[in-house]
Asker: 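What follows is a single structure, and I will ask about it in a moment.
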Amino acid sequence: MTKGTYMSLEKEIFVKGNNDSFVEINKIFCENGVFVYKISIDNNKKNVSPITLSWKIPAHNIMGVWKPTTDFSKRIQADWEMDHMESRISIDAPVIGLFGHDDTNIHTFACSDVINKLELNARIREEDDCYYCHITLGQENQGYNGSYTIQIRIDEEEKHFSKALKATSKWWESFDNLQPVSVPDIALEPLYSTWYNFHQSLNEAVLIEECKTAYNLGYRSIIIDDGWQTNDDNRGYDFTGDWKPDRITQTKEFVERVHATGMKIGFWYSVPFCGKKSEAYKRFKGKFLTENHRWAPVFDPRYPEVRSYLINIYKNALIDWSLDGFKLDFIDDFRLYHDTPSKNDDMDFYSINQAVDRLLTDVIETLKAIKSDVFIEFRQKYTGPAMRKYGNMFRAFDCPGDAVMNRIRIADIRMLAGNTAVHSDMITWHNGEKLEVAALQMVNTLFGVPQVSVKLNDIPKDHLEMIEFYTNYWATNKMVITKGSFTPFKPLANYPIQHVKNEDKLIIGLHDDYVVNLDTSFENIDILNAKITNDVIVKITNELGDYNYRIINCKGESVEEEIINLQEGLIEFKVPACGLIQLTRNK
């Protein structure tokens, strides 16, 4: 098929691109409103120019558009505004979902090419009130070798929008080249981070005391963030690339002291950056994707010696210091820049994205061969389906002190992450904050694995009690929270209600003044009043019977206990700010 032609299937899929390209579209799956198309592209010139696949749907019951990292901006876009969404190995995921006013999935589409750069969008056209959806391939014209095959999955089954996203994630897992790495137990345990509370000003003695306190509170690992490798505290990256511990000089002994507290430990590395004050910069001069990055020159992973150098950095750290894991940061800065050199004979890849795939595949295989339960943390935006092959902990992108954003980002990652551990951004607040407002930071993140980043030995006593209570609550309910069925509601309202459940227990997060609907009986029902108002209104739509209930404040103190009959109608509870109701079926 050449420019301007289309295949008429359930959808008219239009093809626009270079006339040298032959495009064939075949439907290979159709069931319950889910369609999968195989797209075969052949190009006589051995390089694929951009090709756009597009189709349209009527604007029926569409409230918003879900994309992996749009945060607060899940609104409808017109076709004359805003840039298209970019997807590649280390940016987002090639999926877009249109959802209805009742959270119903209307139209979710995804692409199987999660490595190469794509552009996607779904925007309304005012002239005909239709949504125009498209996927543009061949954006960087690297690594296709003239012909390739992809699949496009379109899901119009009537179900909650989150189920369509989860089904997309399972579909990606079905491809041999997208098998997720195993998740070690430590990735599903609360974690202590040094970033917001110490930044680069790390003190070994203070850290050991923090580890002792954190372990007693229920935290089981610590990530030593930026600063361990350098005495420079200017928040820059001039000294990255060598990864010699200039600040924590007795590194093995320090790791042993951390282990003695019961905590496991990982170190932070900014993978792409090679600072101009490093020895590595002199060694790899000329082997950078760019030297004009705002922070530091960026290694070019198309060179095998660059990949070997980086792999050995992590391998030697794991062996020499007995680390348990790594925070591998800034993966998304491996990309094509305006001044990136073209391929030369010393490179073994044309494509930067495919070189990154090779680098990270070799990293995880090397590290797991040494330590099978090593943990690897990535953060948004590099939490897409390809990244699940190399990392087993995905963290919400940095949002210090922003409880709402933390909640949104956790939910957005969870719907595509499968069994990969999903962590909150590091939880932090001012020491002088009111207790209940500080507690908002905790209760908004309980549907992910909590990461805390406050100085535990310096915060007020009631703050510490609050952390202990909610950390213990999370640990008690870990299997429900991490393995249960997760559903966030009302995406345009920033997920003010969230559910997670298994056969026996339902946990509801209530983050704004909405009515909680209960229509199914569980042995245990917890309602988190994850807000600073006290009213919790529950609407019972089926007779659920007698329940014992207990109301608890944010320090874990019981303030009321009673038996209640959950009969059809409305029930109002008074619950302390950031407290919870625990309902247990009365047998």
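Side chains included, hydrogens not; waters and symmetry mates left out as well; all remaining heavy atoms used. Residues: numbered from 1 along the sequence shown.
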Asker: Looking at K490, I want to see if its NZ is surrounded by more than 12 non-hydrogen atoms of other residues, nucleotides or ligands under 6.0 Å.
Answerer: no
Asker: Answer yes or no: does atom NZ of K455 have more than 12 heavy-atom neighbours from other residues, nucleotides or ligands under 6.0 Å?
Answerer: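 Above 12, so yes.
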Asker: Is the F447 ring parallel, tilted or perpendicular to the F486 ring (thresholds 30°, 60°)?
Answerer: tilted
Asker: Determine whether Y314 and L328 make a side-chain contact, defined as any pair of heavy atoms from C-beta on separated by less than 4.5 Å.
Answerer: yes
Asker: When the ring planes of F330 and F273 are compared, do they come out parallel, tilted or perpendicular, using 30° and 60° as the limits?
Answerer: tilted
Asker: If you define the side chain from C-beta out and look only at heavy atoms, does anything of D412 sit under 4.5 Å from Y495?
Answerer: yes
Asker: Is it the case that the side chain of E523 and the backbone of K505 share a donor-acceptor pair, with hydrogens and angles ignored and the cut-off at 3.5 Å?
Answerer: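 Answer holds: no.
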Asker: Mind running side chain to side chain contact (heavy atoms under 4.5 Å, CB included) on S485 and K166 for me, showing each step along the way?
Answerer: CA-CA 10 Å; S485 175; K166 293 173 188 177; 4.3 Å; yes
Asker: On the six-membered ring of F397, is K381 placed so that its NZ or CZ lies under 6.0 angstrom from the centre and within 45° of the ring axis?
Answerer: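 Negative - K381 is either too far from the ring of F397 or too far off its axis.
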Asker: Does some side-chain heavy atom of T104 sit less than 4.5 Å from a side-chain heavy atom of E158?
Answerer: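 With C-beta onward as the side chain, the pair touches.
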Asker: Can a donor-acceptor pair be found, under 3.5 Å and without considering hydrogens, that links the side chain of T420 to the backbone of A417?
Answerer: yes
Asker: Measure the spacing between CD1 of I427 and OG1 of T445 and express it to the nearest 0.5 Å.
Answerer: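 Those atoms lie 3.5 Å apart.
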Asker: Is the distance between the ring centroids of Y237 and W295 less than 6.0 Å?
Answerer: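 Centroid separation for Y237 and W295: below 6.0 Å.
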Asker: Quick one: does R358's side chain get under 4.5 Å of P301's, heavy atoms only?
Answerer: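 A side-chain contact under 4.5 Å is absent here.
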Asker: Check this for me: does any side-chain nitrogen of one of K67 and D92 sit under 4.0 Å from a carboxylate oxygen of the other?
Answerer: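 Judged by the 4.0 Å cut-off on N to carboxylate O distance, K67 and D92 do not form a salt bridge.
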Asker: Of the non-hydrogen atoms in P68 and Q380, which two are nearest, and what is the gap between them?
Answerer: O-NE2, 4.3 Å
Asker: Cation-pi check, R379 to F394: give yes when NZ or CZ is under 6.0 Å from the six-membered ring centre and within 45° of the ring axis, no otherwise.
Answerer: no
Asker: Would you say E256 has more than 12 foreign heavy atoms packed within less than 6.0 Å of its CD?
Answerer: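 Counting neighbours around CD of E256, more than 12 heavy atoms of other residues, nucleotides or ligands fall under 6.0 Å, so yes.
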Asker: Salt-bridge test for D357 and K389: reply yes if a basic N is under 4.0 Å from a carboxylate O, no otherwise.
Answerer: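 Yes, this pair counts.
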Asker: Relative to each other, are the rings of H160 and F489 parallel, tilted or perpendicular (30° and 60° limits)?
Answerer: perpendicular
Asker: State whether E204 and R247 are salt-bridged, where the test is any N-O pair (Lys NZ or Arg NE/NH1/NH2 against Asp/Glu carboxylate O) under 4.0 Å.
Answerer: no
Asker: Determine the interplanar angle of the Y390 and F378 rings, folded into 0 to 90°, and report it as parallel if under 30°, tilted if 30 to 60°, perpendicular if over 60°.
Answerer: perpendicular
Asker: Nearest 0.5 Å, please: how far is CZ in R257 from CE in M263?
Answerer: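 Result: 14.5 Å between the selected atoms.
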Asker: Measure the spacing between OH of Y219 and CD of E468 and express it to the nearest 0.5 Å.
Answerer: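 Answer for the OH-CD pair, Y219 versus E468, is 10.0 Å.
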Asker: Within the distance-only criterion (no hydrogens, no angle test), does the side chain of T471 pair as donor or acceptor with the backbone N or O of I467 below 3.5 angstrom?
Answerer: yes
Asker: Verify the distance criterion only: is there a donor paired with an acceptor across the side chains of D526 and Y473 at less than 3.5 Å?
Answerer: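 Yes.
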Asker: First locate atom OG1 of T251, then atom CD of E253, and finally report the distance between them rounded to the nearest 0.5 Å.
Answerer: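 The CD atom of E253 is 8.0 Å from OG1 of T251, to the nearest 0.5 Å.
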Asker: Step by step, work out the side chain to side chain contact (heavy atoms under 4.5 Å, CB included) result for T108 and W66.
Answerer: CA-CA 9 Å; T108 297; W66 189 97; over 6 Å; no
Asker: S424 side chain to Q451 main-chain N or O, any donor-acceptor pair under 3.5 Å?
Answerer: yes
Asker: Which atom pair, heavy atoms only, marks the closest approach of T487 to S162?
Answerer: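 Where T487 meets S162 most closely, the heavy atoms are CG2-OG, 4.0 Å.
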Asker: For L360 and I331, run side chain to side chain contact (heavy atoms under 4.5 Å, CB included): C-alpha distance rounded to whole Å, both residues' side-chain angles, the deciding distance at 0.1 Å, then the answer.
Answerer: CA-CA 10 Å; L360 296 179; I331 307 298; 4.0 Å; yes
Asker: Do N116 and E140 pass the side-chain hydrogen bond (donor to acceptor under 3.5 Å, both in side chains) test, and can you show the C-alpha distance, the side-chain angles, and the key distance before you say yes or no?
Answerer: CA-CA 8 Å; N116 298 294; E140 293 179 348; over 6 Å; no
Asker: Would you give the length of the straight line joining atom CG of L359 to atom OG of S308, rounded to the nearest 0.5 angstrom?
Answerer: 10.5 Å
Asker: Can you give me the closest heavy-atom contact between V255 and L323, atom names plus distance?
Answerer: CG2-CD2, 3.9 Å
Asker: For W243, run the ring-ring contact (aromatic ring centres under 6.0 Å, His included) check against W268, F267, Y309 and tell me which one passes.
Answerer: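 The passing option is W268.
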Asker: Is a salt bridge present between E173 and R388, judged by a nitrogen-to-oxygen distance below 4.0 Å?
Answerer: yes
Asker: Could you pull out the closest heavy-atom pair between A421 and L188, with the gap in Å?
Answerer: CB-CD2, 3.6 Å
Asker: Less than 4.5 Å apart, side chain to side chain, heavy atoms only: is that true for F72 and M405?
Answerer: yes
Asker: Does NZ in K159 sit with more than 12 non-hydrogen atoms of other residues, nucleotides or ligands closer than 6.0 Å?
Answerer: yes
Asker: Do the charged groups of D324 and K371 touch, with an N to O distance under 4.0 Å?
Answerer: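 Salt bridge between D324 and K371, a charged N being under 4.0 Å from a carboxylate O: yes.
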Asker: How about N105 and E157: does a side-chain donor come under 3.5 Å of a side-chain acceptor?
Answerer: no
Asker: Starting from the C-alpha separation in whole Å, work towards a yes-or-no answer on side chain to side chain contact (heavy atoms under 4.5 Å, CB included) for L580 and I527.
Answerer: CA-CA 6 Å; L580 74 148; I527 304 174; over 6 Å; no
Asker: Mark yes or no for whether S90, through its side chain, and Y382, through its backbone, hold a donor-acceptor pair below 3.5 Å.
Answerer: no
Asker: Give a yes or no on whether the backbone of V34 and the side-chain of D155 come within a donor-acceptor separation of less than 3.5 Å.
Answerer: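 No: the side chain of D155 does not pair with the backbone of V34.
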Asker: Nearest 0.5 Å, please: how far is CG in L202 from CD1 in I248?
Answerer: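 Rounded to the nearest 0.5 Å, the CD1-CG separation comes to 5.5 Å.
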Asker: State, to 0.1 Å, how close S87 and L120 come at their nearest heavy-atom pair, and which atoms those are.
Answerer: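 Smallest interatomic distance, heavy atoms only, reads CB-CD1, 3.9 Å.
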Asker: Is there a side-chain contact between L118 and C111, using heavy atoms and a 4.5 Å cut-off?
Answerer: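 Yes, their side chains come closer than 4.5 Å.
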Asker: Is it true that D512 and K531 have a side-chain N and a carboxylate O under 4.0 angstrom from each other?
Answerer: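 Looking at D512 and K531, the cut-off is not met.
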Asker: Going by an N to O cut-off under 4.0 Å, is there a salt bridge joining D425 and R395?
Answerer: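 So D425 pairs with R395 through a salt bridge.
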Asker: On a heavy-atom basis, which atom in V65 and which in F99 lie closest, and how many Å separate them?
Answerer: N-CE2, 3.5 Å
Asker: Closer than 3.5 angstrom, by distance alone: can the side chain of T428 be matched with the main-chain N or O of P400 as a donor-acceptor pair?
Answerer: no
Asker: Of the options D402, D71, D398, which is the one that meets R409 in a salt bridge (Lys or Arg N to Asp or Glu O under 4.0 Å)?
Answerer: D71
Asker: Donor-acceptor check, side chain of R220 to backbone of Y215, threshold 3.5 angstrom: yes or no?
Answerer: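 Yes, R220 side chain to Y215 backbone: donor-acceptor pair under 3.5 Å.
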Asker: Hey, are the side chains of Y192 and N197 touching, using non-hydrogen atoms and a 4.5 Å cut-off?
Answerer: yes
Asker: I'd like to know if the side chain of Q229 reaches the main chain of T240, judged simply by a donor and an acceptor atom lying under 3.5 Å from each other, with no hydrogens or angles considered.
Answerer: no
Asker: Please check if the side chain of T194 supplies one atom and the backbone of D225 the other of a donor-acceptor pair under 3.5 Å.
Answerer: yes
Asker: Are any non-hydrogen side-chain atoms of I154 and H107 less than 4.5 angstrom apart?
Answerer: yes
Asker: Go through the side-chain N and O atoms of S182 and K368 and say whether any donor and acceptor fall under 3.5 Å apart.
Answerer: yes
